[in-house]
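So the structure is just underneath, and the comments pick up after that.
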Amino acid sequence: MATAVENIQHSKDMKQPKPLPAPNSDFYGLAETLSAEERALVKQVRAFMESKVAPIINKYWSDDAFPFELIPPFKELNLGGLGINGYGCRGGSQKMFGFIMMELARVDPSFSTFFGVHDGLAMGSIYLDGSEEQKQKWLPQMARLEKIGCFGLTEPLVGSGAAGGLLTTAKREGDTWLLNGEKRWIGNAPWCDLSIIWARDVVDNQVKGFIIENKTTPGFSVEKIEHKIALKVVQNGHITLKDCRVPEANRLQAGNSFRDTARVLRQTRYMVGWMATGCQMGAYENAVKYSQERLQFGKPIGSFQLMQDLLAKMLANITACQCMLIRLAELDDAGKLTDQHAALSKGFCTARTRETVAWARELFGGNGIVADYNVARFFTDAEALYSYEGTFQMQNLIVGKAITGFSAFV
Ligand SMILES: Cc1cc2nc3c(=O)[nH]c(=O)nc-3n(C[C@H](O)[C@H](O)[C@H](O)COP(=O)(O)OP(=O)(O)OC[C@H]3O[C@@H](n4cnc5c(N)ncnc54)[C@H](O)[C@@H]3O)c2cc1C
């Protein structure tokens, strides 16, 4: 039989409100598939993003500005060259690379894009298509983030059709190449140090890659693209190349056709899947918290069935994307990743992201369109993730060709 004291304690406990569950976007505990060391790094990145990036990013986003103040503390995380072995790079498995990209995007998809362009696209191009000498020369300084890179493939008149023919030309004159043309949408370009520019050799009509030092190469100029509504923190540039002279030593020596460009995109496309999933996680976690705090009709909106329906659908999208990407990372680590594998995940994850962030925004009611509540940022950023590195249609055409054997691009 309970004593009087125990009864008092029991009735006190009954009055204590039960603590509400903390938002958790890793519902299946997928981080447990990482090693202890990898989990520690993910935790360190989360701490950086939450303590340094989250408090200031909405202001930068609203101002269309890049937070250069974050570069020195970001360097200390020593993430440069994730997924690349040797050359002073961080290395590690593709799965860990993916988790880190997801973690960056969970707080800010622009910040993950800045890093993805530098690490995946610019460093990845040199790693996959450069000579040994070029890798030795460029990768260590890029891994230390002393030199930041960008990747210039898209042109004002050639976007989805890049494989079908770039208009930017490269003409060899002795040991120098003359580049002419324009590149559009190039992330980091307005301020970074190095550009990987893809151009069509006028002699053999093949696409070749060139490393250009932005600040010292005559004929190279960049204008920032203004008035974006998504990924506003990323500075995108419109590059003009006018008789831009690049030494043969800066031509990527193992990049001899668009196939070699596509090898880089295969890796980075599914990284966009990871980033998109991080974007969903950020939107979802903000939505869960808001649903527990926001009262209507005297009750938290999270207690309404229709709001729970939105949250459950968001979590299902996130979990489906995470599971898909983990398998893809395993395929990549085993050297079995194909273009169609990457395309399926990029298309699927970014499409699910559009749904998830729209549901999150809906749950916030009017506050969902104000930057201060974070979810508006995830909502618009998802639009850019959906279209860059190949639109949804392009991804599905790659998959469609693999399914049927018929190319339906044109
Ligand atoms: C924020 C942002 C950052 C970016 N960063 C970079 C970067 O760093 N480097 C870089 O090189 N590029 C970058 N891009 C460019 C991006 O990859 C292109 O925007 C994308 O590939 C689509 O090209 P486009 O915008 O010219 O659209 P278009 O190719 O003009 O397409 C318009 C529409 O037509 C559809 N379409 C086109 N062809 C077909 C077809 N055959 N069948 C069916 N539908 C079709 C497309 O799916 C799309 O819906 C970036 C873009 C954005 C928005």
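Indexing begins at 1, ligand by ligand and atom by atom, following the structure's order. Computed from a predicted structure; not experimentally measured.
Listed by chain and residue number, Y60, D63 satisfy the side-chain contact (heavy atoms from CB on, under 4.5 Å) test with A65 (two or more places apart in sequence, or in another chain).
Not a single N or O atom of V158, backbone or side chain, sits closer than 3.5 Å to an N or O atom of ligand 1. Below 3.5 Å of separation, one finds no N or O of G161 facing any N or O of ligand 1. Of the N or O atoms in S160, one or more lie within a sub-3.5 Å distance of an N or O in ligand 1. At under 3.5 Å, not a single nitrogen or oxygen of L121, backbone or side chain, sits near a nitrogen or oxygen of ligand 1. At least one N/O-N/O distance between T391 and ligand 1 falls below 3.5 Å. Residue contacts with ligand 1: F409 is placed with a nitrogen or oxygen under 3.5 Å of a nitrogen or oxygen of the ligand (distance criterion only).
The protein heavy-atom contact nearest to atom 17 (O) of ligand 1 is E389 N, 3.3 Å. Among protein heavy atoms, the minimum distance from atom 7 (C) of ligand 1 is reached at W185 O, 3.5 Å.
Taking the six-membered ring for Trp and the full ring otherwise, W274 and F97 have centroids separated by 6.0 Å or more. Ring centroids of W191 and F68 are separated by less than 6.0 Å, placing the two rings close together.
Using a 4.0 Å cut-off between a side-chain N of Lys or Arg and a carboxylate O of Asp or Glu, E69 and K52 do not qualify as a salt bridge. Using a cutoff of 4.0 Å between basic side-chain nitrogens and carboxylate oxygens, D64 and K228 are not scored as salt-bridged.
With a 4.0 Å heavy-atom cut-off, ligand 1 is reached by no atom of K183. By the criterion of a heavy-atom distance under 4.0 Å, neither the backbone nor the side chain of C150 is placed next to ligand 1. Contacts with ligand 1 closer than 4.0 Å are made by no heavy atom of T113, backbone or side chain.
Distances below 4.0 Å separate heavy atoms of N236 from the following atoms of ligand 1: 2 (C), 3 (C), 4 (C), 5 (N).
Taking a distance limit of 4.0 Å, we find that atom 46 (C) of ligand 1 is approached by some protein heavy atom. Counting protein heavy atoms under 4.0 angstrom from atom 33 (C) of ligand 1 gives zero.
The 12-atom threshold is not exceeded at OH of Y28, counting heavy atoms of other residues, nucleotides or ligands nearer than 6.0 Å.
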Which is it for D201 and R172 under the salt bridge (Lys or Arg N to Asp or Glu O under 4.0 Å) test, yes or no, and what are the steps along the way?
CA-CA 8 Å; D201 183 345; R172 187 164 183 169; over 6 Å; no
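Judged by a 6.0 Å distance limit and a 45° cone about the ring axis, K135 is positioned over the six-membered ring of Y127.
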